[in-house]
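This chain uses plain numbering: 1 for the first residue, then up along the sequence.
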Amino acid sequence: MQALLDVILPVFLIIGFGYVARWRNLFTDEWVVGLTKFTQGFAIPCLLFRAISTLDLQVSFQPALLFAFYTGAISGFLIGLVSARCLFKRSWEDSVAIGFVGLFSNTVLLGLPITERAYGVDALASNFAIIAFHTPFCYFLGITTMEFIKARGEPVSHVPVKVAKAMFSNALIIGVGLGFIVNLLNISVPVVVTDAIDMMVRAALPAALFGLGGTLFRYRPEGDMPTIFLICFVSLVVHPVIVLTLSHLMNLSDAAVRSAVLTAAMAPGINVYIFASMYGAAQRVAASSVLIGTALSVLTISVWLSFLP
């Protein structure tokens, strides 16, 4: 148990520091927004660019790994969407936003530091393989579904344009895309540039975790608790169970299983609230799911770490 706490607590302590700093007005909302814009718009895209550009694609990109993870992610999306619509009688727009909560795990801010602390830096190759597709895939699925829902009864010719505009204006997707270009074309990046990027990368995760804590202070759960707890259960339990089952059926290596299951077991990421805000749908459910899911994940991640190979 002590070993598990040594892995998990430092990550959540940084989040806690950010939460307390905002609670005690040592850090204002404006500073939280600024820090979040820095990490989401610059530092984390640099991290993703650097990781993807130097990744051994032939070794890291295993179709079975991606199939296991994204089958679980799609299942979470469908369970959230159908449950919200049929069980909780939400509008179609709300249902898509709630489904997105079950789809989008916090693969970077929680998945990376926890995997690194548990298994070392060398264990992150499979994480980055998953992350390379995570934002593009999740946004493509969520935005496309939402735009088709919003266009029901009307011509849908504008949907591809809206999807493309939303996708290619996302800094995370741009960072991943540039990383692939450099990797696949074997472009040599000057050392002075990589050194500067590496400085940004070192700031990315701790700053983002601190900013996440400040952001979570703003999201107080108010109502919708059955929906919130159901979607948190989908994120923290159902998704990783599906991934674990498929990983064993497809005989993935222990390292791949650890990365896939741990990444799937992360709480919903802050992007679920950004997505909900884009469409003005289920914002309270999305925000509260991030807060409650992050708190509950302290326990659930401990459980997953205790019996992963």
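Ala204 and Leu47 get closest at one heavy-atom pair: CB-CD1, 4.0 Å. The two residues Ala132 and Ile52 have their closest heavy-atom pair at CB-CD1, 3.5 Å. Nearest heavy-atom pair, Gly293 versus Pro268, reported as atom, atom and distance to 0.1 Å: CA-CD, 4.4 Å. When every heavy atom of Phe217 is checked against every heavy atom of Tyr19, the shortest pair comes out as CA-CE1, 3.4 Å. Across Ser247 and Val257, no two heavy atoms sit closer than the pair CB-CG2, 3.8 Å. Considering all non-hydrogen atoms of both residues, Phe49 and Gly179 come closest at CD1-N, 3.4 Å.
In this structure, Leu305 and Tyr119 have side chains that are in contact, with non-hydrogen atoms separated by less than 4.5 Å. Residues Ile79 and Leu230 form no side-chain contact, since every pair of their non-hydrogen atoms from C-beta on lies 4.5 Å or further apart. Phe133 is not listed as a side-chain neighbour of Phe69, based on a closest heavy-atom distance of 4.5 Å or more. At a threshold of 4.5 Å between non-hydrogen side-chain atoms, the residues Val234 and Val101 do not count as touching. Side-chain atoms of Leu35 and Phe27, non-hydrogen and from C-beta on, do get closer than 4.5 Å to each other. Side-chain contact check for Asn127 versus Val108: every heavy-atom pair is 4.5 Å or farther apart. Between Ile143 and Met146, every side-chain heavy-atom pair lies at or beyond the 4.5 Å cut-off. Under the 4.5 Å side-chain criterion, counting only non-hydrogen atoms from C-beta, Ser297 is in contact with Thr300.
Under a 3.5 Å cut-off, the side chain of Thr39 and the backbone N or O of Thr36 do form a donor-acceptor pair. Under the 3.5 Å distance criterion, the side-chain polar atoms of Trp304 are matched with a main-chain donor or acceptor of Leu236. In this structure a side-chain-to-backbone donor-acceptor pair under 3.5 Å is missing from Thr135 to Ile131. No side-chain donor-acceptor contact under 3.5 Å links Asp94 to the backbone of Ala84. Looking at Ser259, its side chain does come within 3.5 Å of a backbone N or O of Ala123 through a donor-acceptor pair. Looking at Ser288, its side chain never comes within 3.5 Å of a backbone N or O of Val285 through a donor-acceptor pair. Under a 3.5 Å cut-off, the side chain of Arg85 and the backbone N or O of Arg90 do form a donor-acceptor pair.
Between the CG atom of Leu212 and the CG atom of Leu205 there is a distance of 11.5 Å, given to the nearest 0.5 Å. Of the inter-residue distances, the one linking Ile149 atom CD1 with Glu93 atom CD reads 7.0 Å to the nearest 0.5 angstrom. Rounded to the nearest 0.5 Å, atoms CD1 (Ile301) and CG (Leu308) are 11.0 Å apart. Taking CZ of Phe12 as the reference point, atom CG of Leu110 lies at 5.0 Å (rounded to 0.5 Å). To the nearest 0.5 angstrom, Asp122 atom CG is 10.0 Å from Glu116 atom CD. How far OG of Ser75 is from CD1 of Ile242: 4.0 Å, rounded to the nearest 0.5 Å.
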>> Test side-chain contact (heavy atoms from CB on, under 4.5 Å) on Val290 and Thr215; report intermediate values, then the result.
In response: CA-CA 10 Å; Val290 175; Thr215 302; over 6 Å; no
> Does the ring-ring contact (aromatic ring centres under 6.0 Å, His included) test come out yes or no for Phe275 and Tyr279, once each step is laid out?
Replying inline: CA-CA 7 Å; Phe275 180 85; Tyr279 293 102; 5.3 Å; yes
>> Thr54 vs Thr194, test: side-chain contact (heavy atoms from CB on, under 4.5 Å). Steps then yes/no.
In response: CA-CA 11 Å; Thr54 58; Thr194 59; over 6 Å; no
>> side-chain contact (heavy atoms from CB on, under 4.5 Å) for Arg258 and Thr115? Distances and angles first, verdict last.
In response: CA-CA 8 Å; Arg258 289 194 293 260; Thr115 304; over 6 Å; no
> Going through the distances and angles, do Leu109 and Ile44 end up as a side-chain contact (heavy atoms from CB on, under 4.5 Å)?
Replying inline: CA-CA 9 Å; Leu109 302 193; Ile44 292 177; 3.5 Å; yes
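Ile98 pairs with exactly one of Val82, Ile228, Thr227, Asp224 by the side-chain contact (heavy atoms from CB on, under 4.5 Å) rule, that one being Thr227. Considering Phe104, Phe77, Tyr70 in turn, Tyr70 is the only one that fulfils the ring-ring contact (aromatic ring centres under 6.0 Å, His included) rule with Phe137.
Ring orientation note: the planes of Tyr139 and Phe100 are nearly perpendicular, at an angle over 60° on the 30°/60° scale. Below 30°, between 30° and 60°, or above 60°: for Phe38 and Phe42 the angle between ring planes is below 30°, a parallel geometry.
Linking Ile, Leu, Val, Met, Phe, Trp and Tyr whenever their side-chain heavy atoms come within less than 4.5 Å leaves Val121 and Met199 in two separate clusters. Connection of Val191 to Ile197 is not established within any shared hydrophobic cluster, with ILVMFWY side chains joined at heavy-atom distances below 4.5 Å, either directly or through further cluster members. Under a hydrophobic-cluster definition in which Ile, Leu, Val, Met, Phe, Trp and Tyr are linked whenever side-chain heavy atoms come within less than 4.5 Å, directly or via other members, Leu185 and Phe180 are assigned to the same cluster. Follow the hydrophobic side-chain contacts under 4.5 Å out from Val241 and you reach Leu249 in the same cluster. One hydrophobic cluster, built from ILVMFWY side chains closer than 4.5 Å, holds both Val272 and Leu78.
Few gaps surround CG on Asp195; more than 12 heavy atoms of other groups in view lie less than 6.0 Å from it.
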